[in-house]
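All chains are named by letter (A, B, ...) in the order of the sequence lines, taking the proteins before the strands, and each is independently numbered beginning at 1. Basis for what follows: all heavy atoms, side chains included, without hydrogens, waters or symmetry-related copies. As the structure is a computational prediction, the values presented were derived from the model and not from experiment.
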Amino acid sequence: MDLSNMLISSQSPSALGFSTFQAKFIQCFVDDNRYQYLLKGLGSTLLITLFAVLLGVLLGFLVAIVRSTYDKTGRLTILNAICNIYLTVIRGTPVMVQLLIMYYVIFATASMDKIVVAVLSFGINSGAYVAEIVRSGIMSIDQGQFEAGRSLGFSYPSTMVYIIMPQAFKNVLPALANEFIVLLKETSICGYIGLMDLTRGGDIIRSVTYEAFLPLIAVALIYLFMVMILSALVKKLERRLRNSER
Amino acid sequence: MKDKNTTVFKSSDHMQEGDVLFQIQGLCKSFGKLSVLKNISTEIRKGEVVVIIGPSGSGKSTFLRSLNLLEEPTKGVILFEGRDITDRREDVNLYRQKIGMVFQHFNLFPHMTILKNMTLAPVKLLKMPEEEAKKMAMDYLKRVGLEEKADAYPNQLSGGQKQRIAIVRALCMQPDVLLFDEPTSALDPEMVGEVLEVMKDLAKSGMTMLVVTHEMGFAKEVGSRVLFMDDGRIVEENTPQEIFSNPQCDRLKDFLSKVLI
Ligand SMILES: Nc1ncnc2c1ncn2[C@@H]1O[C@H](COP(=O)(O)OP(=O)(O)O)[C@@H](O)[C@H]1O
Ligand SMILES: [Mg+2]
């Protein structure tokens, strides 16, 4: 672009800019109902994230309870060893490799729905991180809370359930929420197993329209919007939890 | 306290005054190589208020915590109401229900209201109906003058108030004995009195109590027996009058000269 060209376009930038923008917008999202790629992709992304979060939290809490029980009482040696292997392997390898192995190795012969494969991969991956977050939460609770529970006659599990976990959960809520936000964004690699998530949907639009800017920016904005909503919800929840104590 | 002369707590009465509650024989406790309790033998009778004194690090807390197995004895026998609680086949949780404990740092549950702090254990463990538990808790709260705090959270209370709540929380389990580990040591001086008042009322009501404390006034006023511990042993054991006015061993004399300024 030379200088004169720039001067010309700057004389009527809005009119010229808007009409090309409109055309590209229609080409990317309206023609052939291409917005459907984004919509369906978003659906998959949300579905995978939601169930992976549930699986991750379930796994994470179980592992955290095993590990902190071992730390506190020295019991559950074998389970603790298994949990340690799980944590080492999952945290020591990239989630993308885990996803590929899950799809091309573990479920290579089984005709498993790709969504299920993704949920399992991301859930198992997230569980390892949730476990360490929750364990640090449990260990941060004053030992006196534990002793107070036990001295009233509560068993170890009941003390965990009624006294330790609610406090630990409150303490780690911000870290947990952050893990979920990370997970939401991490699912964007689902395209590698041919699963059409939000990212892949945008990328398909890019490849059929040869227009990269609009579809990819749209994808980015949708992620950003979801993350901001999640963050706002967590802030609200945190504030409510804090109020209940003071 | 509204009225200092009447006792405000009823004593539980399924055991006879004077029955042996704890029989402790040859109790030893080590942490690794460190021997903390060295062959402790004594007995605690129903209705007694036993005050445990001694220098810091002499094993008072460890002794007290051994009695509800917060510390597991290395050796020795602890009979509680005739049964050996160190026997692994016995259900520790059932014993602990009958042995209340009050800690130096209160250990109230910060995520629960005062009422919930008090009713949780009776409802979950004794299967007491929620309403009944609440009524009982409110009764106790009235007796320690804190009924308006029922719906407050622990963080909204002063130290003295927290410790009074911790005491009635333990009482809500209807224990046969209460263990106190330096209940006033973490309090500002002006709050010590209100907690001691509650404890004295309890003592006068016939509650069996074991109290580790540096409050010699408490020992003199309501103690039935004083144990002086030093270096993991009970070195001297006598009535408060004898202990304070006629101490026998040098270490006790030395200790008293320091605390009684
Ligand atoms: N959990 C523990 N691990 C190792 N040593 C301990 C533990 N608890 C207490 N001790 C040691 O045991 C000794 C007695 O402690 P404690 O019973 O708390 O004394 P006191 O209450 O009379 O001050 C101290 O030397 C203390 O350091
Ligand atoms: Mg102590």
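The part of B:Arg65 that comes within reach of chain A is its side chain, from C-beta onward, which places non-hydrogen atoms under 4.5 angstrom from that chain. The part of B:Leu108 that comes within reach of chain A is its backbone (N, CA, C, O), which places non-hydrogen atoms under 4.5 angstrom from that chain. In this structure, the portions of B:Phe109 lying under 4.5 Å from any heavy atom of chain A include both its backbone and its side chain. In this structure, the portion of B:Leu125 lying under 4.5 Å from any heavy atom of chain A is its side chain and not its backbone.
Taking CE of B:Met112 as the reference point, atom CD of A:Gln167 lies at 7.5 Å (rounded to 0.5 Å). In this structure, OG on A:Ser151 lies 7.0 Å from CZ on B:Arg169, to the nearest 0.5 angstrom.
Counting all heavy atoms, side chain and backbone alike, A:Phe154 lies closest to B:Ala121 at CZ-CA, 3.6 Å. Nearest heavy-atom pair across A:Leu152 and B:Ala170 is CD2-CA, 4.5 Å. Taking each heavy atom of A:Gly144 and B:Asn107 in turn, the nearest pair found is O-ND2, 3.1 Å. Nearest approach of B:Arg96 to A:Gly153, heavy atoms of both residues: CB-CA, 3.9 Å.
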For residues 215-236 of chain A, which side-chain N or O atoms pair as donor and acceptor with protein atoms under 3.5 Å away, sequence neighbours left out?
unit_1: A:Tyr223; atom_1: OH; unit_2: A:Thr199; atom_2: OG1; d: 2.7
unit_1: A:Ser231; atom_1: OG; unit_2: A:Val227; atom_2: O; d: 2.8

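No more than 12 heavy atoms of other residues, nucleotides or ligands sit less than 6.0 Å from atom CD1 of A:Ile78. For A:Tyr37, the OH atom sits in a loose shell: 12 or fewer heavy atoms of surrounding residues, nucleotides or ligands are nearer than 6.0 Å. For A:Lys72, the NZ atom counts as densely surrounded, since its 6.0 Å shell holds more than 12 non-hydrogen atoms of other residues, nucleotides or ligands. Counting heavy-atom neighbours within 6.0 Å of A:Tyr70 OH, excluding the residue itself, gives a total of 12 or less. Heavy atoms from other residues, nucleotides or ligands lying under 6.0 Å from CD of A:Glu238 number more than 12.
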Under the criterion side chain to side chain contact (heavy atoms under 4.5 Å, CB included), I'd like the reasoning laid out for A:Arg150 against B:Val92: C-alpha separation, chi angles, the key distance, then a yes or no.
CA-CA 9 Å; A:Arg150 297 309 301 272; B:Val92 181; 5.5 Å; no
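No donor-acceptor pair under 3.5 Å is formed between the side chain of B:His111 and the backbone N or O of A:Lys170.
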